[in-house]
Protein chains: 2
Amino acid sequence: MPDEEPTSIWMLPERQERSGPGRRPGYSREQVTRTAVQIADAEGVEAATMRRIACELGTGAMSLYRYVPKRDDLFDLMIDMVMGEIELPDGTSGDWRADLSLVAHQIRAAGLRHSWLIALLTSRPTLGPQLLRVHEFALSALDRRGLDIDDITGFVGMLSDYVHGAIRREIGWLEEARRTGLDPERWKRDYIGPYVRQVVESGAHPLFNRSLLESRTAHLPPAERFQYGLDRVLNGIGAHITSDISR
Amino acid sequence: MPDEEPTSIWMLPERQERSGPGRRPGYSREQVTRTAVQIADAEGVEAATMRRIACELGTGAMSLYRYVPKRDDLFDLMIDMVMGEIELPDGTSGDWRADLSLVAHQIRAAGLRHSWLIALLTSRPTLGPQLLRVHEFALSALDRRGLDIDDITGFVGMLSDYVHGAIRREIGWLEEARRTGLDPERWKRDYIGPYVRQVVESGAHPLFNRSLLESRTAHLPPAERFQYGLDRVLNGIGAHITSDISR
DNA sequence: CTCTGTTTGCGTACATCGTACCTGAATGGC
DNA sequence: GCCATTCAGGTACGATGTACGCAAACAGAG
């Protein structure tokens with residue numbers, strides 16, 4: 001029956017190990033996904049091709065299609081595997097600020113460990129079980145605080161937007177240098193450097209210049225810069241919480 | 001001299017129209033970019049291949065490389081052309097809230113007109129002249145309000161993150177349906193629908209369920225929903241402005 | 001054990017992509 | 001009119017996702 005009707009990867013169960021006579025599957029969906037994640041970590045997501053993953057597993061490219069319907073579905077699986085690395089307590093603590101900070105820092109850590117994560121996560125809507133788990137934790141951190149569900153959803157979205165944007169700003173240029181093949185040093189000096197210098201020296205963008213030259217947080221450790229922006233987002237949320245002694 | 005050393009597209013001038021004897025260029029960088037934008041608008045950015053663009057212009061694929069070094073550079077040019085559509089007054093009005101709202105709504109409009117814009121814009125750091133113009137306007141809207149440059153940059157980044165995220169949420173599912181080739185109706189009913197229903201019925205994510213089922217803004221016109229979140233972001237900024245009667 | 005039906009492993013093949021290279025035509029200066 | 005120069009565009013290469021089909025492996029029936 002080759003006419004698999006197209007359905008979400010999360011609805012499509014993996015081939016059972018013992019469904020009847022025939023060869024036993026030599027690999028698993030989870031194993032394929034883990035290999036793809038490892039390759040993407042080491043060489044970028046564009047290196048995680050079907051052939052390369054299969055080669056790493058010691059098999060042929062087409063074998064992977066026994067475990068994953070399409071390459072895009074594999075991306076969803078990779079995202080969800082990495083979201084599974086995010087460790088959260090069983091329930092919220094009651095301190096919404098601490099809970100949301102925890103989620104934010106955990107996602108940042110995952111995004112730094114896997115530099116392809118944010119690009120994939122924001123390139124397409126995906127709703128894997130692990131992502132849902134993290135999302136639900138963030139939502140419940142703001143529950144029972146006098147906010148209606150639309151505000152809760154909106155604030156979590158706002159936080160999410162900030163985290164994704166901040167991580168992108170943190171690794172964006174580095175990733176771009178790697179993607180073009182140049183080493184970051186040379187890329188910065190010979191490729192983007194001259195242009196930025198020209199823009200600065202033109203004097204046409206005074207505030208942009210100040211944000212480059214006069215910034216103090218720009219030379220802060222990235223983690224502190226992240227926290228700096230995160231605090232502003234959390235303050236924005238706190239301003240809408242009536243009993244806002246942050247707990 | 002074919003050893004063009006790699007440099008930013010913004011530093012690489014277009015071939016002069018009259019540099020010496022030889023044929024006159026039949027096209028222009030701007031013309032190639034506009035064609036690419038039109039194709040991407042109509043059929044998605046993945047349809048704007050070098051061959052397709054050239055075909056549309058009535059020429060061969062390789063001819064385009066006389067105007068654009070690489071395909072990625074063409075993406076930067078497309079982004080900047082669309083950012084050029086954003087109309088802003090010559091200077092800020094003095095009402096920072098109105099100015100930032102204007103930028104946000106203009107970017108949203110551009111993102112809806114060109115459904116590929118946000119995906120490209122957030123997939124790689126780019127700094128074209130038109131993007132710089134818009135960025136500078138947003139920065140200067142918050143200038144002279146008692147904020148230091150780090151706060152100004154941070155708030156504009158926060159706003160930018162929200163706008164990108166909100167647009168993605170607005171067109172994300174629609175785009176995904178188009179990308180997979182199914183019509184949105186069928187995609188929603190047969191593809192993602194059953195999974196979401198299963199998630200909801202499992203009852204494992206009560207707040208996620210409420211955000212789907214009890215939301216009032218979810219059934220609001222998209223423009224109002226955008227404004228709803230935008231107001232929250234602007235409130236967050238306003239809370240940090242000392243003389244905050246919004247002007 | 002032998003046979004048979006089922007399921008997986010995987011090689012082959014195809015369409016499509018970006019783009020390196022090369023040939024030939026067009027064109028302005030002498 | 002000749003020539004150096006420059007662009008148009010065909011051909012070609014390597015890489016991609018993946019449709020297709022065949023051979024191998026294995027469980028159960030006889």
Side-chain angles (χ1 to χ4, degrees), chain A residues 1-6 9 13-29 31-32 35-36 39-40 43-78 124 179-181, chain B residues 1-6 9 13-29 31-32 35-36 39-40 43-78 124 179-181:
Chain A
M1 237 142 293
D3 61 6
E4 296 274 2
E5 75 176 63
I9 179 73
E14 186 162 12
R15 292 290 206 293
Q16 303 86 324
E17 262 206 45
R18 290 290 62 209
S19 64
R23 268 159 92 178
R24 230 171 294 106
Y27 308 99
S28 67
R29 185 178 283 183
Q31 198 175 353
V32 170
T35 306
I39 295 173
E43 307 166 42
V45 70
E46 74 279 358
T49 67
M50 299 306 265
R51 282 176 237 264
R52 180 85 172 70
I53 297 166
C55 174
E56 205 76 19
L57 284 167
T59 182
M62 293 314 293
S63 305
L64 304 184
Y65 287 91
R66 292 288 131 188
Y67 308 98
V68 170
K70 300 174 75 64
R71 184 158 188 253
D72 283 0
D73 294 318
L74 184 55
F75 287 151
D76 283 343
L77 291 169
M78 291 169 70
R124 182 187 15 163
R179 218 176 51 81
T180 55
Chain B
M1 238 141 293
D3 61 6
E4 298 274 2
E5 72 177 62
I9 180 74
E14 186 161 12
R15 291 291 206 293
Q16 303 87 325
E17 263 205 44
R18 288 293 61 206
S19 64
R23 270 160 90 178
R24 230 172 293 104
Y27 307 98
S28 67
R29 185 179 284 183
Q31 200 174 353
V32 171
T35 307
I39 295 172
E43 307 167 41
V45 70
E46 73 280 358
T49 67
M50 298 306 266
R51 281 175 236 262
R52 181 85 172 70
I53 297 165
C55 174
E56 205 77 18
L57 283 167
T59 182
M62 293 315 293
S63 306
L64 303 184
Y65 287 92
R66 293 288 131 189
Y67 309 97
V68 170
K70 301 173 73 67
R71 184 157 188 254
D72 282 1
D73 294 319
L74 184 56
F75 287 150
D76 283 343
L77 291 168
M78 292 169 69
R124 179 183 18 157
R179 218 174 52 79
T180 55

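Note that these values count all heavy atoms, side chains included, but never hydrogens, waters or copies made by symmetry. Protein chains get the first letters and strands the later ones, always in sequence-line order, with residue 1 at the start of each.
A heavy-atom distance below 4.5 Å is not found between the side chains of A/I9 and A/K70. Between B/I53 and B/L74, some side-chain heavy-atom pair lies under the 4.5 Å cut-off. Put simply, the side chain of B/L64 does not reach to within 4.5 Å of the side chain of B/R71, judged on heavy atoms.
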(request) Go along nucleotides 13-21 of chain C 5' to 3' and tag each nucleotide: B for a protein heavy atom under 4.0 Å from its base, S when only backbone or sugar atoms are that close, - otherwise. (result) B---BBBBB

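Here the shortest heavy-atom pairing between A/L57 and A/Y27 reads O-OH, 3.2 Å.
Within the structure, a side-chain polar atom (N or O) of B/Y67 is placed less than 4.0 Å from OP1 or OP2 of D/dA8.
Straight-line distance from the OH atom of A/Y27 to the P atom of C/dG9: 7 Å, rounded to whole Å. Rounded to an integer number of Å, the gap from A/I53 CD1 to D/dT16 P is 11 Å.
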Less than 3.5 Å apart, which donor and acceptor atoms pair up between the side chains of residues 44-51 of chain B and the rest of the protein, not counting sequence neighbours?
unit_1: B/E46; atom_1: OE2; unit_2: B/R178; atom_2: NH1; d: 3.2
unit_1: B/T49; atom_1: OG1; unit_2: B/R52; atom_2: N; d: 3.1

